[in-house]
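Just below is one structure, and these are the notes that go with it.
In what follows, chains are A, B, ... by sequence order, proteins preceding strands, each numbered from 1. The figures that follow rest on heavy atoms only: side chains count, while hydrogens, waters and symmetry mates do not. In this text the structure is predicted, and so the values were computed from the model without any measurement.
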Amino acid sequence: NLVFDALMNAYTDSGFVSDAVQCFRLVKSNGFRVPFHSCGYLLDILIKSNSPVIAWAFYLEILDSGFPPNIYAFNILMHKFCKERNVQEAQKVFDEISKRGLHPSVVSFNTLINGYCKNGNLNEGFRLKRVMENTQVSPDVFTYSVLINGLCRESRIGEANKLFDEMCERGLVPNDVTFTTLIDGHCKTGRVTGAMEIYQKMLTKGVKPDLITYNTLINGLCRIGDFVRARNIVDEMKKKNLKPDKITYTTLIDGFCKEGDLESALESKKVMISQGVELDDVTYTALVSGLCREGRVEDAEKTLMEMVRAGIEPDEATYTMVIDGFCRKGDVKNGFRILKELQNGGNVASLVTYNVLMNGLCKQGQMKNAKMLLDAMLNLGVVPD
RNA sequence: CGCGACUAGUGGAUG
């Protein structure tokens, strides 16, 4: 038995997980005792690799051979499936918990409820909450936060508020995440005043806002164009020793861009750099998009190249924005130049990009070139719509 | 035997 244990571990450690699984099957089919230690180890590895399907299949196999079921393993697998938006499979894992003689924990419920909420099936989420209430597993702060978030995402703010109250009435104490969730819901539906009230309530109740809370508020304020208060919030967070992160800056940059205030956006970018905060793909896309919208294509292209130099490959949509920017100025030639850049970056231009160029050519009356482009598309297997 | 390990909230994006 020790031998099989060692053998399976060796396969696992060498990255030959499928051989390890085979090894397990051989041991089992030959009637030897199943090496639980190495099975557990392999299971861990499989769970950590991003293929919950394989991990789940293996888990079922070893459970069948007597491996002791463990609620954490089930929960983690459910979570992985949910992350892949595969709630159906998560539900199967959930159902298996009871079949294997365990009881779903509050985490099991919360994970599944979240999966359903993210899939737009709030009803099932609430049904599970009732199941919890009937089975000694009381909904906790996570349960409520998940459901409040689900309601918020569907703009059902009144119900979200009610659920928040229900939670408090039941003696549960909302934490920073709960408050932030509710604040975000209010912001996203334009109720920024309400959001600020919740924020005040949060402070009154002694719940400490964190970086995410502030970013959420800043986003809400930017969306209604209230940059004065947005900046005030930034100052407030600094006073509390919270350093603005890339999301804070990107939120501001995007907010300024959407307002058409490119100077402030670029100024924020400067501050960001001087503070040693890294720009990521989202930051750059916000800038490129903003510059294009304002017709500053050359600057957009510079930013695009800066992005490439920073080691971040822009995606097709980002290149296409710049191509479109040139085309709108009647400069189709430069549009095609960017197309080349796109292709050099290892991207494949698809329908939308070609349509942008096609549009540019047609608007310029370059029908012959447009026809050639159409032929090129057909040759490349890009189906025109 | 004990302990640990699992769940919720924030930014951009093309015709």
Side-chain angles (χ1 to χ4, degrees), chain A residues 40 44 47-48 70-80 82-83 90 93 104-115 117-118 125 139-150 152-153 174-185 187-188 209-220 222-223 244-255 257-258 265 279-290 292-293 300 307 314-325 327-328 335 338 342 349-360 362-363 384-385:
Chain A
D44 268 0
I47 285 177
K48 277 175 197 146
N70 173 293
I71 193 68
Y72 289 94
F74 286 104
N75 292 346
I76 297 169
L77 281 164
M78 284 175 51
H79 187 228
K80 297 262 179 191
C82 287
K83 269 204 295 202
V93 177
S105 68
V106 62
V107 174
S108 320
F109 277 103
N110 293 343
T111 305
L112 189 59
I113 292 174
N114 191 34
C117 287
K118 296 268 155 70
D140 64 4
V141 180
F142 280 72
T143 321
Y144 278 96
S145 298
V146 166
L147 288 167
I148 289 170
N149 190 227
C152 286
R153 287 163 54 125
N175 61 18
D176 50 353
V177 176
T178 323
F179 276 107
T180 303
T181 305
L182 204 55
I183 289 172
D184 189 48
C187 286
K188 295 256 163 72
D210 66 3
L211 185 57
I212 299 185
T213 314
Y214 286 112
N215 287 344
T216 304
L217 282 169
I218 292 165
N219 187 228
C222 285
R223 289 164 73 120
D245 66 357
K246 65 181 180 188
I247 296 190
T248 319
Y249 286 108
T250 304
T251 303
L252 288 167
I253 289 172
D254 182 57
C257 283
K258 297 232 161 91
L279 283 74
D280 68 4
D281 52 341
V282 179
T283 320
Y284 281 112
T285 344
L287 279 164
V288 171
S289 146
C292 288
R293 225 179 292 133
M307 188 174 176
D315 62 10
E316 196 208 346
T318 311
Y319 279 108
T320 307
M321 290 191 285
V322 181
I323 294 174
D324 189 46
C327 288
R328 279 176 196 279
I338 304 296
L342 178 160
S350 66
L351 185 63
V352 178
T353 308
Y354 286 109
N355 283 350
V356 166
L357 286 161
M358 177 83 65
N359 201 254
C362 290
K363 287 242 164 83
D385 61 0

So, under a plain 3.5 Å distance rule, would you say the side chain of A:Thr251 forms a donor-acceptor pair with the base of B:rG11? no

B:rC6 phosphate, OP1 or OP2, under 4.0 Å from A:Lys83 side-chain N/O: no

Give the rounded distance in Å between these two atoms: CG of A:Leu77 and C1' of B:rU7. 14 Å

Hey, does the side chain of A:Lys258 come within less than 4.0 Å of B:rG11's phosphate (OP1/OP2), counting only N and O? no

Could you work out which one of B:rU14, B:rA13, B:rA8 sits closest to the side chain of A:Thr353? B:rU14

Check: A:Ile247 main-chain N/O paired with A:Thr250 side-chain donor or acceptor under 3.5 Å: no

Does A:Arg293 make a side-chain N or O approach to OP1 or OP2 of B:rA13 shorter than 4.0 Å? yes

Nearest-neighbour nucleotide for the A:Met321 side chain, B:rA8, B:rC6, B:rU14 considered: B:rU14

Of B:rG11, B:rA8, B:rG9, the nucleotide closest to the side chain of A:Asp280 is B:rG11

Does the side chain of A:Thr181 pick up a donor-acceptor pair with the side chain of A:Asp184 at under 3.5 Å? no

Do A:Asp210 and B:rG9 share a donor-acceptor pair, side chain to base, under 3.5 Å? yes

Consider the side chain of A:Ala317, meaning its heavy atoms from C-beta on, and name the nucleotide among B:rU10, B:rC6, B:rU14 that approaches it most closely. B:rU14

Any donor-acceptor pair, under 3.5 Å, between the side chain of A:Thr181 and the base of B:rG9, if you only look at N and O atoms? no

Using a heavy-atom cut-off of 4.0 Å across all strands, would you classify A:Asn70 as base, sugar-phosphate, or nothing? base

Testing B:rG11, B:rU7, B:rA8 for proximity to the side chain of A:Val177, the answer is B:rA8

When you get a sec, tell me which of B:rU14, B:rU7, B:rG11 is the closest nucleotide to the side chain of A:Lys188? B:rG11

The single option from A:Val356, A:Asp324, A:Val288, A:Leu342 passing side chain to side chain contact (heavy atoms under 4.5 Å, CB included) against A:Tyr319: A:Leu342

Give the intermediate values and the outcome of side chain to side chain contact (heavy atoms under 4.5 Å, CB included) for residues A:Arg293 and A:Met321. CA-CA 9 Å; A:Arg293 225 179 292 133; A:Met321 290 191 285; over 6 Å; no

Of the nucleotides B:rU10, B:rU14, B:rG9, which one has an atom closest to the side chain of A:Lys118? B:rG9

Straight-line distance of A:Cys82 SG to A:Lys118 NZ, nearest 0.5 Å: 9.0 Å

Would you mind classifying the nucleic acid contact of A:Thr250 as base, sugar-phosphate or nothing, using non-hydrogen atoms under 4.0 angstrom? base

Please tell me which of the listed nucleotides, B:rA8, B:rC6, B:rU7, lies nearest to the side chain of A:Val146? B:rA8

Please report, rounded to the nearest Å, how far the C1' atom of B:rG11 is from the CD1 atom of A:Ile212. 11 Å

With the side chain of A:Thr283 defined as its heavy atoms from C-beta on, choose the nearest nucleotide among B:rG12, B:rC6, B:rG11. B:rG11

Is it the case that the base of B:rA13 and the side chain of A:Asp281 share a donor-acceptor contact (distance under 3.5 Å, atom types as modelled)? no

Nearest to the A:Val107 side chain among B:rU10, B:rC6, B:rG9, which nucleotide is it? B:rC6

Kindly say whether, by distance alone, the side chain of A:Ser145 makes a donor-acceptor pair under 3.5 Å with the base of B:rA8? yes

Please work out if A:Thr285 contacts a base, only the sugar-phosphate, or nothing of the nucleic acid, heavy-atom cut-off 4.0 Å. base

Ignoring hydrogens, what is the shortest heavy-atom contact between A:Met78 and A:Ser108? Give both atom names and the distance. CE-O, 3.1 Å

